[in-house]
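Numbered from 1 within each chain, the chains take letters A, B, ... in sequence-line order.
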There are 2 protein chains.
Amino acid sequence: MLRVDTIDHRIISCLMANARSSYADIGNVVGLSAPAVKRRVDKLLDTGVLRGFTAVVDPEQLGWGTEAFVEVHCRGNVSPSDIQNRLEPMAEVMAAYTVSGAADAIVHLRAASIHHLETALERLRAVEIIDRTVSTVVLSRLLDRPPAP
Amino acid sequence: MLRVDTIDHRIISCLMANARSSYADIGNVVGLSAPAVKRRVDKLLDTGVLRGFTAVVDPEQLGWGTEAFVEVHCRGNVSPSDIQNRLEPMAEVMAAYTVSGAADAIVHLRAASIHHLETALERLRAVEIIDRTVSTVVLSRLLDRPPAP
DNA sequence: GGTGAAAGTGCCACCAC
DNA sequence: GTGGTGGCACTTTCACC
């Protein structure tokens, strides 16, 4: 793990605001030349601080407007990597976390419709290591921010 | 609201995989020339299907590795926009949703440490419209995917 | 970390369908 | 309305200082 200084943070902020901005533009903001910015970005990508660049889409307009959070309770003792391997092939799984408290994991599902969500939940519950699930359907997205600097 | 055809979807997929790929590269994948791709991307941005381009960072390595999901229960009847206005100024709020079930909202918090998370939770509970909260601390991130095509 | 030059890209006007 | 072409400015990317 390496040191990420103030200039790196400002470069990351620029790229989070607009991942397609040019190295020259970023350089004007942070006070560096374009090649210097590129060298820092390449290093941040190499070390994994920056994982990549992606487009932010409106799931609603693409027809993936139905979301739910699912508490997953497993039978017996299950390792996090077990759960991870089971969830990875499911396209509807946006994110998953092991958590404190009664549940073993929280799974963030996104689907095209309530019906699609239902089938995804059925497939989730069919996983043998999963004992039971408690799902909470999202009614509206109040806030959705990209990660902070 | 406009029509988003198959080619648009494939362009969006390319940009989600790498928001910094060139229009020519995308064109090679979807079978269009670079200017044709740019025109479609510009239109998708105009209409809001594409909201922008952002860098994907590893929160762990940036020192924002502590996460929690918080069920928020409000007193009386509170409108979603009320909750939204209260949460918007909090930097630790990554996302928030109104949900079905007993809770009024689910708030996704991200903080630099357990102590930072604690102070964020205190500020959340200090909001007068909020009656009580039930928080679930994330132990590990099993999966974290950018939105699907 | 900056500079300069070569290769690649973005972006626009214009044309064809 | 769609998509393709050509040309010029800008960007990326390298070696070198």
d(B:His73 NE2, B:Asp104 CG) to nearest 0.5 Å is 7.5 Å

Can you name the salt bridge (Lys or Arg N to Asp or Glu O under 4.0 Å) partners of B:Glu128, sequence neighbours left out? B:Arg86

Could you tell me which residues satisfy salt bridge (Lys or Arg N to Asp or Glu O under 4.0 Å) with B:Arg123, sequence neighbours excluded, listed by chain and number? B:Glu92

Report, as yes or no, whether the 6.0 Å neighbourhood of atom CG on A:Asn77 holds more than 12 heavy atoms from other residues, nucleotides or ligands. no

For DNA chain D, which nucleotides open and close the run of contacts to chain A, 5' to 3', at under 4.0 angstrom from a non-hydrogen atom? D:dT11 to D:dC14

B:Tyr23 six-ring face occupied by A:Arg20 cation (under 6.0 Å, within 45°): yes

Only counting residues at least two apart or in another chain, list the ones meeting salt bridge (Lys or Arg N to Asp or Glu O under 4.0 Å) with A:Glu118. none

Are A:Asp131 and A:Arg125 close enough, and set up right, to give a salt bridge (Lys or Arg N to Asp or Glu O under 4.0 Å), and what steps lead you there? CA-CA 7 Å; A:Asp131 181 21; A:Arg125 278 195 283 258; over 6 Å; no

Per-helix bend value, the helix from C:dG1-D:dC17 to C:dC17-D:dG1, C1' rotation axes over five pairs per end, 10° rounding, shows 30°

Ring centers of B:Phe69, A:Phe69 separated by less than 6.0 Å: yes

With sugar-phosphate taken as primed atoms, P, OP1 and OP2 and all else as base, the protein-contact string of nucleotides 10-17 of chain C at under 4.0 Å (heavy atoms; B, S, -) is SSB-----

Could you check if a side-chain atom of A:Ile106 sits within less than 4.5 angstrom of a side-chain atom of A:Val70, using non-hydrogen atoms only? no

Any side-chain heavy atom of A:Val49 within less than 4.5 Å of one from B:Val57? no

